[in-house]
Amino acid sequence: MKLTRISILFPLLTTYLFAAQPAVYGENGVVVAHDLEACEAGIQILKAGGNAVDAAVAVSYALAVTHPQAGNIGGGGFMVIQMADGRKAAIDYREKAPASSHRDMFLDDSGRVHPVKSLRGGLASGIPGTVAGMQKALDEYGSMSRKKVMKPAIHLAQKGFEMPYDLAYSLSRLNKKAEDFPETRRVFCRDGDLYRPSEIFKQPDLAKTLKLIQRKGNMGFYSGAVADGIVRSIAAQGGIATLDDLVNYRAVLRQPIVGNYRGYEILSMPPPSSGGIALVSMLNMLELMSFDSVEWHSAEHIHRLAEVEKRAYSDRSVWLGDSDFYEVPRDKLISKAYARYRMMDYDSLMASPSDSIYPLNDSELASIELHDNESEETTHFSVVDRWGNAVSVTTTLNWSFGSYVTVQGFGFLLNNEMDDFSAKPGVPNSYGLIGNEANAIEPGKRMLSSMTPTIVSKDGQVELVVGAPGGATIITTVLQVINNTIDYEMSLQEAVNAPRFHHQWQPDVITYGPRALSLETQEALKQMGYTLERRSAYGEVNAIMRDKRYGGWIGAPDYRLSSHGAAY
Ligand code: GLY
């Protein structure tokens with residue numbers, strides 16, 4: 001069963017936001033991702049006998065072709081895996097700072113953070129991790145050859161695909177913004193002769209690059225012609241990455257974050273993502289309250305979530321960074337004791353101003369005792385297979401189209417992930433997130449992320465595969481989908497479509513998407529001391545849930561940003 005393309009209809013779909021009808025249902029496998037072609041690439045691999053990891057690698061490479069805003073080989077991401085045999089893993093293929101980077105590299109002579117250098121041009125790019133990450137996933141958990149799983153992506157790049165409306169529109173905006181990046185305008189904007197919706201979009205340079213990777217694996221990307229091209233293109237735009245940086249890049253297998261919420265196990269991404277720790281800590285705080293008599297999106301509901309969000313994000317600003325460089329107190333932050341301690345100053349009637357919420361200090365953290373019984377423009381896609389293996393992947397170039405640097409002659413964009421570091425303690429990055437020592441720039445370090453690919457299970461069986469793009473809002477988006485499904489018993493499609501809001505401690509404001517808060521709720525929240533700010537729709541959740549009725553899987557793409565699902 002397949003969903004047809006719905007991208008341009010989004011504004012007309014508002015009346016269906018709460019539709020309970022699942023978009024796709026399948027008993028043998030489901031893929032939910034930004035593009036239909038990418039979903040089909042995954043289903044093709046599943047039908048050919050591949051497992052969910054094989055399919056996830058195929059989807060990831062396909063998105064690098066069909067979704068250049070965020071799908072990538074020039075960026076990085078995280079993959080959380082739960083195999084039906086009980087194995088659990090987190091693959092970290094986050095970008096790394098080049099060896100010659102240094103903590104003050106984005107400060108000008110007077111110590112101010114440069115407004116653009118961490119975002120556009122060669123200095124903005126971290127060393128890409130996606131190719132190494134896909135290889136790691138295949139080596140550790142896949143069952144098919146790289147040759148097979150890369151075939152659909154190469155076909156899409158070579159033969160082309162129909163330009164979706166939303167991509168055509170994004171490329172028209174890129175054309176205006178990327179004036180200083182001629183290769184980007186040549187490859188993606190035909191030097192100003194812009195692609196129109198439904199035109200066939202072919203990418204011969206990218207097809208050549210993908211074939212090199214298909215043939216040689218990591219060697220086809222991190223050394224040889226592609227690596228030379230990356231270094232030269234970065235240098236031409238003022239960057240400092242070297243061939244050694246590329247050769248030395250490694251994807252890492254990490255212990256996932258494991259928490260539990262009302263009897264469900266939560267499996268999510270550890271550092272260098274803040275996502276898993278912040279998500280589990282917020283769920284632990286929410287578990288201290290019952291939602292039985294709390295109306296969905298009433299002021300009381302919003303207040304509870306906003307208060308736990310403020311507390312988790314304040315600790316994120318100090319305690320979270322790349323755990324290879326900084327000792328992250330992960331077990332403490334995901335403990336139930338931490339949640340109880342953090343919520344001691346919670347006022348059920350009034351907002352706590354963010355200025356009165358401090359990140360925990362060393363001695364407060366030390367006072368939290370762990371007990372043995374306590375377990376511990378991005379894009380997201382989810383995959384399940386017929387054996388019950390599940391894969392949750394979030395991958396990104398950071399901003400839409402990353403640094404705007406396209407590798408000369410090789411047809412792919414590089415990330416602008418260096419902006420996810422804290423360029424200066426206390427100065428917000430482009431998502432308004434504040435960081436400190438833990439996330440300061442250091443050579444070879446991975447920048448802190450908010451990406452939160454997550455798998456929720458019960459009694460060892462996968463129930464929900466979920467994640468989202470959206471920078472700082474990723475973690476609270478995933479939190480709300482879990483809150484909606486577990487506490488409010490929404491169907492998956494309802495939970496995904498439901499309007500959302502976000503608080504990240506600083507700035508002290510609740511931002512909310514279209515139709516998220518009724519006028520009555522807004523008024524009540526203001527009385528409680530909140531500042532509210534409306535924003536555009538955000539967070540393209542692409543989720544899968546076990547179907548209780550028929551035993552298969554329901555795939556729920558997010559209507560906000562024209563996602564798709566495919567199943568069989
Ligand atoms: N680049 C967004 C994130 O990783 O959180």
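Just so you know, residue 1 is the first one in the sequence shown, and it goes up from there. Any value given below was found using the heavy atoms of this structure, including those in side chains, with hydrogens, waters and symmetry copies removed. Every number for a ligand or one of its atoms is a count from 1 in the order of the listing.
Using a cut-off of 4.0 Å between Lys/Arg side-chain N and Asp/Glu carboxylate O, Arg500 and Asp558 are scored as salt-bridged.
With sequence neighbours left out, Ser125 forms a side-chain hydrogen bond (donor to acceptor under 3.5 Å, both in side chains) with Ser403.
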For ligand 1, what N or O to protein N or O distances fall under 3.5 Å?
residue, atom, partner, partner atom, Å
ligand 1, 1 (N), Asn398, OD1, 2.7
ligand 1, 1 (N), Glu417, OE2, 2.7
ligand 1, 1 (N), Asp420, OD2, 2.7
ligand 1, 4 (O), Arg94, NH1, 3.0
ligand 1, 4 (O), Arg94, NH2, 3.3
ligand 1, 4 (O), Asp420, OD2, 3.2
ligand 1, 4 (O), Ser449, OG, 2.6
ligand 1, 5 (O), Ser449, OG, 3.3
ligand 1, 5 (O), Ser450, N, 2.7

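Inspection of the His503 and Asp508 side chains reveals an N or O donor paired with an N or O acceptor under 3.5 Å. Under the 3.5 Å distance criterion, with hydrogens and angles disregarded, a donor-acceptor pair is assigned to the side chains of His380 and Ser382.
Taking the six-membered ring for Trp and thresholds of 30 and 60 degrees, Tyr222 and Tyr249 have nearly parallel ring planes, at less than 30 degrees apart.
Side-chain atoms of Ser317 come within 3.5 Å of backbone N or O of Ser314 as a donor-acceptor pair.
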